[in-house]
Amino acid sequence: MGSSRSSLRGVPDGQQLLQETGFSAALLLRLHQRFQFLDKDSRGHLRSEDLEAELSENPIGDRIVGAFFQPGQETVDFPSFVRVLAHFRPTEKNWTRDGVQPEPANSRNRKLKFAFQLYDQDRDGKISRTELLQVLREMLGLQVTEEQLQSIAERAIQEADLDRDDAICFDEFRKSLEKVDIDHKMSVRFLE
Amino acid sequence: MSWLTLPVDLLSKYLGLFTDVWLTLVFGFLIVPAVFGVPFGIHKYYIKILLSIFEWTTLQMELKAKEKNNQLYKHYTSGIIVKVPDSTLKQEIQDLRCSAGCLSLDPRLELADVFVFCRKALENIIDDDVTKRFSAQKLENWNLLTRSNHNFRYINLKLLALWILGVLIRYGVLLPFRVTVAVTGIFLFVVLSTVVGLIPCTKTYLSDKVHLMGYRLCVRSLTGIITYHNRENKPKNDGICVANHTTPIDGIVLANDHCYSLVGQLHGGLLGLIQRAMVKSSPHMWFERAEVKDRRLVAKRLRDHVADENKHPVLIFPEGTCVNNTSVMMFRKGSFEIGCTVYPAAIKYDPRFGDAFWNSSKFGLVGYLLRMMSSWAIVCSVWYLPPMNRKEGEDAMQFANRVKAAIAAQGGLVDLIWDAGLKRTKVKDTFKEEQQQLYSKILLGDHEYQNHPES
């Protein structure tokens, strides 16, 4: 496509994001447009309200919005925004881990990590029983009783927790999802 | 000092001449024909010329972009991502579990279930159906208006010259013309409407003429080029006319062809003056702000009006607020509860000549009108649809949805279930609860979940 330098002029960190995320220049531009659209007051960054507005019908909407923000941060700029979205590109089939290139955002491992962090809100590397209960409560709302919730959580932990420490660490998480077609379910099909 | 006065004399003479010529042109070609309903005639050629110019400009920009080895930034009106059509939560989770080798939808949590919610959320963040209906529609070709161009760096000298010419024509020639026509029109309308109101007999005939004249002038003042289709379905006196809402001009567009009774809130200022003048010669329904909230009062007045067959059909916009003309949003059921015949009309604006959508969060009314008057033209099509009545066993909401679907189909708009009030408020929690309900059914099974023995 030739030099894409000038077409990304308005996009912050455009060139770097091209390399990092693997999005095409055209797609990056469109995502920037979308970012500017979500940024209703033209501040150059998004706050959680801007994202929450799009997710009001999603039970775990608040949690997903939280995934965009670094701990302690209240705003997300465009590069961070795109870096999160990059996790949802369909996985490239021919990428192999050769230790030289950094792992792309949309590798199976990174996708799993993203999902893991949705559960593991305190970032201690484990999904505790409490954290699991919290997610379940969000996804089910008031539709189930406390006992039902506890049973479901109990069963899930029993099945995944291999080292019997009453929590699910990342490896256990990954193992329990071995057979799941993550690429399909954790990918958004972008119109390139 | 006579050499000073000479240029001043000349200037004033030419200015006077200029004003004379201008006024003659305006009156002769715009106002008088509008008053008597004579068509102006050059609109077709105007549009053809404009269209070929716009295609040429986009071609120029593409050529320039190719020179720089770049792609022209085209707005994909269909979105950024491929959306899976209507896949339900249950299906998605089933797919997910099947891929992991589970045999059936066991009532249990799979840690992967969160992926489904996650992906939906990301899809909504990147591209969603609702909020993009509340900003102006994007265009494929550039129409020489700055407001719709996103490829500034591809403008070469030729285009720049053309654009400057366009600005001069629009702001220097078109805008003053239009403002003159608008002002004259409103003035004439207010005066004549009051006068007609004082004459006791032949009131309806004269007032109709006066109203039509007023609207025609308004349409001319915006260079409105309106094509009416299926005129045999024009609303009759025994019902209400409903249409999709894009701009405050919608009322003018429809009333240009037929007389309606308008419904709305009584404003202050110039608008209030016009409203009061209108009421003198024809029974429109203006409500005080407090009365608007009293739905029963509004419904009663509507019902009484519709029952009187000497009164014109009522014009109502059930969406309640302006939407950007790519879709039709939820219709408020109030007008459909009255129980009379509904005459639907679909209005579709052609955005290439001027975007008619009023984004009330971005511009006020005056700013909006100025933008309208400095666009090339307002081109739209109006389709009159056959009258519809409420069927047996249909409630008001279902009737409203049926009418909405008919309007959307005719106008080529997307039929959405969302409430246009979402422009200002958030989605209610009921949608979130629905999702939670669906998921709980999957986890627990459709029967009561029993505590099963631990394995």
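Just so we're on the same page: letters track the sequence lines, and every chain starts at 1. Computed from a prediction, not measured in an experiment: that's the story for all the values here.
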Trainee: Determine the minimum heavy-atom distance between Ser187(A) and Arg119(B), stating which atoms define it.
Mentor: O-CD, 3.0 Å

Trainee: Can you tell which part of Ile127(A) gets under 4.5 Å to a heavy atom of chain B, answering side chain, backbone, both or neither?
Mentor: neither

Trainee: To the nearest 0.5 angstrom, please state how far the CD1 atom of Ile60(A) sits from the NZ atom of Lys120(B).
Mentor: 12.0 Å

Trainee: When rounded to the nearest 0.5 angstrom, what is the spacing between CZ in Phe114(A) and CG in Leu122(B)?
Mentor: 6.0 Å

Trainee: Which atom pair, heavy atoms only, marks the closest approach of Val188(A) to Ile126(B)?
Mentor: CG1-CD1, 4.3 Å

Trainee: Any chance you could measure Ile125(B), atom CD1, to Asp50(A), atom CG, to the nearest 0.5 Å?
Mentor: 11.0 Å

Trainee: Side chain, backbone, both or neither: which part of Phe35(A) has a non-hydrogen atom closer than 4.5 Å to chain B?
Mentor: neither

Trainee: Please state whether the side chain, the backbone, both or neither of Glu138(A) comes within less than 4.5 Å of a heavy atom of chain B.
Mentor: backbone

Trainee: With a 4.5 angstrom heavy-atom cut-off, which part of Ala160(A) approaches chain B: side chain, backbone, both or neither?
Mentor: side chain

Trainee: Would you say the side-chain atoms of Arg63(A) pair up with the backbone N or O of Cys118(B), donor to acceptor, closer than 3.5 Å?
Mentor: no

Trainee: Given heavy-atom pairs under 4.5 angstrom as the criterion, report whether the side chain, backbone, both or neither of Leu140(A) touches chain B.
Mentor: both

Trainee: Does any backbone or side-chain atom of Thr145(A) lie under 4.5 Å from a heavy atom of chain B? Answer side chain, backbone, both or neither.
Mentor: neither

Trainee: Of all the residues in residues 163-174 of chain A, which have a heavy atom that comes within less than 4.5 Å of a heavy atom in chain B?
Mentor: Ile168(A), Phe173(A)

Trainee: Which atom pair, heavy atoms only, marks the closest approach of Phe115(B) to Ile182(A)?
Mentor: CE1-CG1, 3.6 Å

Trainee: Could you name the residues of residues 79-87 of chain A that have a heavy atom within less than 4.5 Å of a heavy atom in chain B?
Mentor: Phe81(A), Leu85(A)

